[in-house]
Structures are given as structure tokens and as C-alpha cells.
Asks: 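Have a look at the structure that comes next, please.
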Amino acid sequence: MLKIYNTLSRSKEEFEPIKDNQVRMYSCGPTVYNYAHIGNLRTYIFMDIFRRVLSFDGYKLKGVMNITDVGHLMSDSDDGEDKMAKASREQHKSPYEIAEFYTKVFFDDLSKLNINRPEIIAKATDHIGDMIKYVQALLEKGFAYEIEDGIYFDIGKFPEYGKLSRLNLDEQQAGARVEVNSQKRHPADFAVWKKAEKGHIMQWDSPWGKGYPGWHIECSAMSRKYLGEVFDVHTGGVDHIPVHHENEIAQNEALTGKKSVNYWVHGEFMLVDNGKMSKSLGNTYTVAQLEERGYAPLVFRYFCLNAHYRKKLNFTFEGMDGAKTSYERLLSALYLHKTCKDKADEKMIESYRKEFVDAINDDLNVPMALGVLWKLVKENKSCDIYNLALDFDKVLGLSLNTAKLAEEEKLDIPQEVVDIAEKRLQAKKQKDFALSDTLRAEILAQGYNVLDTKDGYKLVKA
RNA sequence: GGCACCAUAGCCAAGUGGUAAGGCAGAGCUCUGCAAAAGCUUCACCCCCAGUCCGAGUCUGGGUGGUGCCUCCA
């Protein structure tokens, strides 16, 4: 039985989907105006792990992720420039070109990190009509009102506002850091639809003239369309708790009068050198940048899996080095199990399986699950262990099946290099170490290192 | 100022009240012409103080420190 921490109750709860055997989940996706950085990606790795655990437990998944390609203002003060518009202006491309480009990069990143895409990917600009209908419904029910620059949600009509973040709005300093829009009934009222300013680059016809949707309405409209008024899980980063998800709840529940999401599950932030990631500090690394520095994307995934999703994770290159070594050793340890014909004790296998399953079902305790894997790998060599590790990998997504044999690896190495290595092996057997060392240098010149093993040698890329 | 979370070895990091998972680094050993790799062994009493309890890293209270949010942000 899966237990999961619900932000709504601030406690671990037993997970029970609305429909037996099926889980409907909405995950906040990216605003595609820039490259995703490792902090963003940590959250998607968390989402992926969650989805994999659900699958592992036998649930059928219906997941939706949005791609925000419009209507995300730079500021929550309901003015300020739309992110897409800004990127568009700066890069001299149409917003659609911007969105298309960064969406593609985003998907490439996901795939490099073994993050499975949710079943449904929903682009905001494909759903403007749904959003307009949603806004109309809010207006009809009296939960929204129109002022000069747009349609606003009236949080005064929704007394439960703040229940997710447990913020007391009255205690917040109204307007302290946000300029008060004098026409708004409450400073925290937020735009569900904005009327287009002159020359605004993205705009659509609506009952209120040309305009564009608010950010929050996007997720509400699309989740409702694909998952219904009430669904099981909503994921995102912790930063979304106070504003974005609070607003979604307000919109959804005002409209339907029902609790819209049963489990709100949030991934914690990633820190860099114990501090916040920000572009101004220049520490928002991308997958491509990690690759340039010699870290395979899956090393980063492994790094993330080493920490619990609800704990802040401190990113350092020292930590990445550790993850790299660790991950590579894990794979090479698995070689040996893969080739061994010996059987393992069934009880032992089952005991490890149970330990692993218990860990992942305890609020996705992947760090502990990794510990189980390491203990397993250190047992006597056996193909049963390899097979069990592959089972674990359905959840971990670390491509553990890529563990290669020395024999298999040779196939990828140029024949001439193998020939030199063979010559060297002979020289070594005849104790002609001078020749042996010369040949090793030749191999190195070809870009490979030769490592002696018990009964021969192994070639690796230098 | 308000809210929340966190504080475990050099580093990353698990931990359900009963005497500290795992990884990296380090140290020692084995193997070894050299080098590397690999294998084995080793390495913490859990920020401070006061409580509750037979027993606390694990609960309560108080400190101290850190981080995040309260502007867009995963």
C-alpha cells in the first residue's frame, strides 16, 4: 500500500485512487521560453518516479502535463510582460517559434533523463477556447468580475482561499511588494483573463475583446478537460503551493463546489552551493552544460535519486563526481551478476524485493531503495540478482540494463586497438614490459586505456 | 515583519522510540612488472539546553543556525 505526503493535510496518507486501479494525475509543466535548468528537472524526475511507482504498484496512469506557451506574466501583480512575449522580443522570433524550440529541447532533456512523458501533453495555446469557457462560467457564478484591464477572480467569494499554503491573507502585508491595482476588490485577486494591451504579441478574440488567458486558468481548464472535475493527484514544485496551486484550487472548487484534487504532492527545491539557484548567480545549469562538463544525464538522475523528493537537495560538483563514480560502479558491479549462471536463494531475493517495495511505497523513499539495491549488488554473484535489479530499474529508471560485458564492449572498439592490446598481452606474458608499455602508449594515442584484469585486459575510453 | 521547512561523519544523504542504511572521499589490506581497475576491511553516538519515557537522532518545550516562500520561478 502506497503512502504519500499530501500537502493539503501536511501528512503522509494512504493512497487510494477514485477509481480502482486507475490514477489521474496532473503535473505542472514548463513555460517554454528558456532552457530547463537542473532545478526544474529535479521536479520532473520526482514526477517520473511517482508515476513509475504507481505503475509498479499496478495502477493504470492517465497523466497530463501542460506546456505553457502563453499567458504567464513576469509578475503576479497582473501587469508586467508575458514571458513568451519577452523572449520573443529579445530573440527576434515569433512566440510560436520560441515555444517550439524550447519544447523540443525540453523533451530531449526528459528523454535523456529517462523521464517518461505523461500520456497527454497539453499546449496552452491549443486550449484557449476551453479557458474562455471556464472564465465565462466563473463570471456567471459570480466568482469573477470584470474591470478595465481584465477579468479577475474574487477571492472574497471563496472563504477557503489559502487552505493549501495555510497563509492568512489578512496578515500578509497587502501591497508591500506588489503594487495594488486600485480596481481590484482584494489585493490577492488574480487575473483569469487579461485584455490585450496595444500591440500585445499574443492575443485571441473573447467576449471581452482581444486578450489572453491568466496563467492559473490554463491548468484549471486543461486538467478539467482531460481528467474531469475531480481527480487523484496534482504535482509540481513547492514554489507553486502559495500562488499557482492555491489559485487553481480556488478556480476549480468555486466553479464545481467540489474538492478538485485529492492529493497535492510537491517536490522540494534544489539548491546550488547551499543557496538559491538563480540566473543572476549563474548557477542554473542545463543538461547540456552538465554534459559539457562530462556528466552523463543519468548521472544527474542518480544524483537526484540519492535524496528524498521532499528534502532540499544541495547540488555541488563534488556531489556530482561522487554520483558519477557511484553510478559507474553500480553498472560495472551489475556486469558480473548479468553473466553469472548461478542461482540465488529465493528467500533472499524475495526479502530484497520486499525491502525495496516497502521503501518506494513509503512516500517514495528512493534513497532507501537505492541503499537496498547496493546491498543486493554486493551479494554473491547471480543472474537472479541482475534480474531483480532490472525490476527495480522499472522504478529507478537508471538504465541498469546497459551494464555491458567486457566482451560486449570489445565489439564497440576498433579492431586495430584490440589488435594492439592483444600484442601487448603477449608481450606482457613474455615479460617484455618495455614493449608492453610502448603498446599501451599506442593504445592511449588511439583514445583508449587498457586495464589489466585477472585473466586478460579491459579496454575503456580514455 | 508573516509563513513553512530543515539541522545526522570531510562531502551527498536514509533512518517507523530500543542502542546510527547507502554512496563519494580517506585509511589499511589483497591482487599487481608498472599503472589502473576490482575485492575485502575500516571510518559518526546524530547543533545546544531542558523535559517525557525503562529507553530519544526519532516525542515535547526553549535556544542557536540554515534554507525557502510571502514578486515570476520546479
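Proteins come first, then strands; the chains are lettered A, B, ... in the order of their sequence lines, and each starts at number 1.
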Asks: Does A:K378 put a side-chain nitrogen or oxygen below 4.0 Å from OP1 or OP2 of B:G22?
Replies: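 For A:K378, the contact criterion (side-chain N or O under 4.0 Å from OP1 or OP2 of B:G22) is not met.
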
Asks: Under 5.5 Å between ring centres and under 30° between planes: true for A:W374 and the base of B:G22?
Replies: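 No.
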
Asks: For A:E246 and A:G162, indicate whether the former's side chain and the latter's backbone hold a donor-acceptor pair under 3.5 Å.
Replies: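 Indeed, once roles are kept as given, a pair shorter than 3.5 Å links the two residues.
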
Asks: Could you tell me how far B:G10 sits from B:C47 if I compare only their P atoms? Round to whole Å.
Replies: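 The same atom, P, in both gives a distance of 13 Å.
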
Asks: Record whether the side chain of A:N306 comes under 3.5 Å of the base of B:C12 through a donor-acceptor pair of N or O atoms.
Replies: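 In this structure, the two groups form a donor-acceptor pair.
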
Asks: Roughly how many Å apart are B:G28 and B:A21, using the C1' atom of each and rounding to a whole number?
Replies: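 These two C1' atoms come out 24 Å apart once rounded.
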
Asks: When the C1' atoms of B:C29 and B:C43 are compared, how many Å lie between them, rounded to an integer?
Replies: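 Each nucleotide's C1' atom is 15 Å from the other's.
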
Asks: Between the protein and nucleotides 25-28 of chain B, which nitrogen or oxygen pairs come in under 3.5 angstrom?
Replies:
from: B:A25; atom 1: OP2; to: A:R329; atom 2: NH1; distance (Å): 3.3

Asks: When you get a sec, tell me which of B:A35, B:A14, B:G23 is the closest nucleotide to the side chain of A:R440?
Replies: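 Of B:A35, B:A14, B:G23, B:A35 is nearest to the side chain of A:R440.
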
Asks: With respect to the side chain of A:H240, which nucleotide from B:C73, B:G33, B:A13 is positioned closest?
Replies: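 Per side-chain heavy atoms of A:H240, the pick is B:C73.
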
Asks: Would you measure the distance from the P atom in B:C46 across to the matching atom in B:A20 and give it in whole Å?
Replies: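 Those two atoms are separated by 11 Å.
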
Asks: For A:M270, which contact category applies under a 4.0 Å heavy-atom criterion: base, sugar-phosphate, or nothing?
Replies: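 Result for A:M270 = base.
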
Asks: Ignoring hydrogens and angles, answer whether the base of B:C34 and the side-chain atoms of A:D452 contain a donor-acceptor pair closer than 3.5 Å.
Replies: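 Yes, a donor-acceptor pair under 3.5 Å.
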
Asks: Can you tell me which nucleotide in B:C73, B:G23, B:C6 comes closest to the side chain of A:S326?
Replies: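 Selected nucleotide: B:G23.
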
Asks: Hey, are A:D393 and A:R52 close enough for a salt bridge, meaning a charged N less than 4.0 Å from a carboxylate O?
Replies: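 No, A:D393 and A:R52 are not salt-bridged.
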
Asks: Say you pick atom C1' in B:G57 and the same atom in B:A9; how far apart are they, in whole Å?
Replies: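 Those two atoms are separated by 14 Å.
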
Asks: Under 4.0 Å between a side-chain nitrogen and a carboxylate oxygen: does that hold for A:R24 and A:E119?
Replies: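 Looking at A:E119 together with A:R24, the answer is no, because their closest N to O distance does not fall below 4.0 Å.
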
Asks: Please state how far atom CG in A:N314 lies from atom P in B:C11, giving the value in whole angstrom units.
Replies: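 Answer to the nearest Å: 11 Å.
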
Asks: Please give me every residue in residues 109-122 of chain A whose heavy atoms get under 4.0 Å of an atom in RNA chain B, ordered by residue number.
Replies: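 Correct list: empty, so none.
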
Asks: In whole angstrom, what separates A:R301's CZ from B:G23's P?
Replies: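 After rounding, the reported distance stands at 20 Å.
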
Asks: Would A:D108 and A:K112 pass as an ion pair if we require N to O under 4.0 Å?
Replies: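 No, this pair does not count.
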
Asks: Could you write out each protein N or O paired with an N or O of nucleotides 66-68 of chain B at a distance under 3.5 Å?
Replies:
from: B:G68; atom 1: OP1; to: A:K276; atom 2: N; distance (Å): 2.8

Asks: Would the distance check show the side chain of A:H337 and the main-chain N or O of A:S382 forming a donor-acceptor pair, the cut-off being under 3.5 Å?
Replies: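 Flag set: sc A:H337 to bb A:S382 pair under 3.5 Å.
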
Asks: Which nucleotide wins on minimum distance to the side chain of A:N365, given the candidates B:A74, B:G23, B:G15?
Replies: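 Nearest to the side-chain atoms of A:N365, counting from C-beta on, is B:G15.
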
Asks: Rounded to whole Å, please give me the gap between OH in A:Y35 and C1' in B:C73.
Replies: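 After rounding, the reported distance stands at 19 Å.
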
Asks: What's the closest nucleotide to the A:L313 side chain, out of B:G33, B:C6, B:C12?
Replies: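 The closest nucleotide is B:C12.
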
Asks: Might you list the N or O atoms of the protein lying below 3.5 Å from N or O atoms in nucleotides 56-61 of chain B, with each pair's distance?
Replies:
none

Asks: Looking at residues at least two apart in the chain, or sitting in another chain, which of them share a ring pair (Phe, Tyr, Trp, His ring centres under 6.0 Å) with A:F392?
Replies: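 Only A:F356 meet the ring pair (Phe, Tyr, Trp, His ring centres under 6.0 Å) criterion with A:F392.
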
Asks: Quick one, which residues of residues 380-394 of chain A touch RNA chain B with a heavy atom under 4.0 Å?
Replies: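 Of all residues in residues 380-394 of chain A, none places a heavy atom under 4.0 Å from RNA chain B.
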
Asks: What's the closest nucleotide to the A:F303 side chain, out of B:G33, B:G10, B:C12?
Replies: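 The answer is B:C12, which lies nearest to the side chain.
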
Asks: Please state how far atom NZ in A:K375 lies from atom P in B:G15, giving the value in whole angstrom units.
Replies: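 It works out to 14 Å between those atoms.
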
Asks: In whole angstrom, give me the gap between the C1' atoms of B:U16 and B:A56.
Replies: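 These two C1' atoms come out 14 Å apart once rounded.
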
